[in-house]
Amino acid sequence: MSTRKRNAAAYRPRVGELVLDARTGRTGIYMDTLGGEHYLRPPGGGREWTAPPDRVGPAPDPSPDDPDPDRPHPALENRARLSARLAARNRDSRLNESRVA
C-alpha cells in the first residue's frame, strides 16, 4: 500500500539520475519506465531491476561523515570478490576437463 497522498505529484526521475528504491533500500541509476515499472541499474554497473514508481524517490546526499566518498559501495566490493572466485573456479574447471580428455 502506498503512503503517498493521492493529490501529491508523483516523483519523476530523469534518465541517468541516482534514485532510491524504497522497497529494497538500494540506490540505482534510473534508466527508463516501461509497462508501469521503473528500470534501475546499480551505479557501478550490473543487472537492471524494476521498481514500482511510487516506491522510487531521489537518492539521499552522501553523508558528510563518510570518510571516503570515492570508496565503492560494500555490495560492489562483494561482487568483485565473488566474480574473482567464480573466474578461478571456471578456470580450474576448464583445466580439469582438459586433463580428462
Side-chain angles (χ1 to χ4, degrees):
M1 183 168 158
S2 175
T3 58
R4 186 170 59 89
K5 295 189 175 23
R6 281 248 189 255
N7 296 335
Y11 175 71
R12 302 208 185 255
R14 295 183 313 268
V15 172
E17 182 179 350
L18 188 64
V19 295
L20 174 67
D21 178 359
R23 181 185 59 180
T24 62
R26 297 170 64 189
T27 56
I29 306 291
Y30 171 74
M31 303 304 287
D32 201 357
T33 300
L34 295 170
E37 294 279 328
H38 285 339
Y39 281 75
L40 309 176
R41 182 177 297 277
R47 192 173 186 165
E48 286 185 344
W49 77 93
T50 60
D54 62 339
R55 302 292 291 161
V56 172
D61 291 330
S63 169
D65 299 331
D66 189 4
D68 187 6
D70 296 328
R71 183 172 169 241
H73 189 275
L76 296 178
E77 292 175 355
N78 291 340
R79 180 177 293 178
R81 281 196 298 272
L82 177 61
S83 294
R85 284 191 0 228
L86 290 175
R89 185 170 61 181
N90 288 341
R91 184 181 58 245
D92 292 344
S93 174
R94 285 192 297 273
L95 289 174
N96 290 336
E97 287 174 3
S98 66
R99 290 182 197 149
V100 172

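Just so it is clear, the model here is predicted, and its values are computed rather than measured.
- Between T27 and A59, the shortest heavy-atom contact is CG2-CB, 4.3 Å.
- The minimum heavy-atom distance between A51 and V56, with the atom names listed, is CB-CG2, 3.6 Å.
- L34 and I29 fall within a single hydrophobic cluster, where Ile, Leu, Val, Met, Phe, Trp and Tyr are joined by side-chain heavy atoms under 4.5 Å apart, directly or via other members.
- Residues V15 and L18 do not share a hydrophobic cluster, defined by chaining ILVMFWY side chains whose heavy atoms lie under 4.5 Å apart.
- By the side chain to side chain donor-acceptor pair (under 3.5 Å) test, R12 is found to be paired with no residue, residues two or more places apart in sequence or in another chain being considered.
- Among all heavy-atom pairs drawn from G36 and P53, the shortest one is O-CD, 3.1 Å.
- Counting only residues at least two apart or on different chains, the ring pair (Phe, Tyr, Trp, His ring centres under 6.0 Å) pairs with a member in residues 12-59 are Y30-H38.
- Every residue two or more places apart in sequence or in another chain that forms a side chain to side chain donor-acceptor pair (under 3.5 Å) with E17 is listed here: Y11.
- Taking CZ of R23 as the reference point, atom CG of D54 lies at 10.0 Å (rounded to 0.5 Å).
- When all heavy atoms of E48 and M31 are compared, the closest pair comes out as OE2-CG, 3.4 Å.
- Of all non-hydrogen atoms in P43 and G28, the two that sit nearest each other are CD-CA, 4.2 Å.
- The nearest pair of heavy atoms linking R26 to P42 is NH2-CG, 3.9 Å.
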